[in-house]
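For reference, the structure is listed below as structure tokens.
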Amino acid sequence: QVQLVESGGGSVQAGGSLRLSCAASGYTYKTDCMAWFRQPLGKEREGVASINRDGYTMYTDAVKGRFTISKDNVKNTLYLQMNSLKPEDTAMYFCAANECTRDIATMPLFAPDYNSWGQGTQVTVSS
């Protein structure tokens, strides 16, 4: 079993920054591939950024150049540094994890590929 606990959400004005954290515990090999997803109120969950065990990262176009995903393998903690935040970034942010399967290698921002999820942390950006 893997437990994921997110933190770092909050309310900021447009142009501000936040850093999300996701502490993972349990079978570490089941967190070799991790990602951040977000779900605006009333909308579908979407992939934001992913990172695999080799450090390879992928971002959705909407956050490229503004968000940075990283992972501390010693602490087994995932991060999302969010800069130049926009009102459209407002959402509940979730971290997700799984072994690095072929499905994840093909579609790293596809939610069904991940089998461990955190409870989410709210990010609200005001204009």
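Worth knowing before you read on, the calculation uses all heavy atoms, side chains too, and leaves out hydrogens, waters and symmetry mates.
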Within the 4.5 Å heavy-atom criterion, are Ser116 and Lys30 side-chain neighbours or not?
no
Has Tyr114 got a side-chain atom pairing as donor or acceptor with Pro108's backbone, closer than 3.5 angstrom?
yes
Measure the spacing between SG of Cys95 and CG of Leu4 and express it to the nearest 0.5 Å.
4.0 Å
First locate atom CG of Leu78, then atom OG of Ser50, and finally report the distance between them rounded to the nearest 0.5 Å.
10.0 Å
Which pair of heavy atoms, one from Leu20 and one from Gly9, lies closest together, and at what distance?
CD2-N, 3.6 Å
Whether Glu6 side chain and Gly120 backbone form a donor-acceptor pair below 3.5 Å
yes
Minimum heavy-atom separation for Arg66 and Ser84, please, with both atom names.
NH1-O, 2.9 Å
Verify, without hydrogens or angle tests, whether Asp54 (side chain) and Tyr56 (backbone) share a donor-acceptor contact under 3.5 angstrom.
no
The reported gap from CD1 in Ile51 to CG in Asp32 (rounded to nearest 0.5 angstrom) is 11.5 Å
Return the OG1 to NZ distance between Thr57 and Lys64, rounded to the nearest 0.5 Å.
10.0 Å
N/O donor-acceptor pair under 3.5 Å between Asn98 side chain and Asp113 backbone
yes
Would a 4.5 Å heavy-atom cut-off, applied to side chains only, mark Val12 and Met82 as touching?
no
Here the pair of heavy atoms bringing Ala62 nearest to Arg38 is CB-NH2, 4.0 Å
Does this structure show an ion pair linking Asp89 with Lys86, if we count only N-O contacts that are shorter than 4.0 Å?
no
Joint cluster assignment, Val63 & Leu18, ILVMFWY side-chain distance < 4.5 Å:
yes
Between the side chain of Thr90 and the main-chain N/O of Val125, is any donor-acceptor distance below 3.5 Å?
yes
Looking at every heavy atom in both Ile69 and Trp36, which two are closest together, and how far apart are they?
CD1-CD1, 3.7 Å
Spatial distance of atom OG1 (Thr68) from atom OH (Tyr59) [nearest 0.5 Å]
4.5 Å
For residues Val5 and Gln119, report the shortest heavy-atom separation together with the two atoms involved.
CA-OE1, 3.8 Å
Mind checking the SG-NZ spacing from Cys33 to Lys71? Nearest 0.5 Å is all I need.
8.0 Å
Nearest heavy-atom contact between Ser17 and Asn83 is OG-OD1, 2.9 Å
Does Gly55 offer a backbone N or O that forms a donor-acceptor pair with the side chain of Asn52 under 3.5 Å?
yes
Please examine the side chains of Phe94 and Gln39, heavy atoms only from C-beta on, and report whether any two atoms are closer than 4.5 Å.
yes
Are Asp103 and Thr106 close enough, and set up right, to give a side-chain contact (heavy atoms from CB on, under 4.5 Å), and what steps lead you there?
CA-CA 5 Å; Asp103 287 341; Thr106 304; 5.6 Å; no
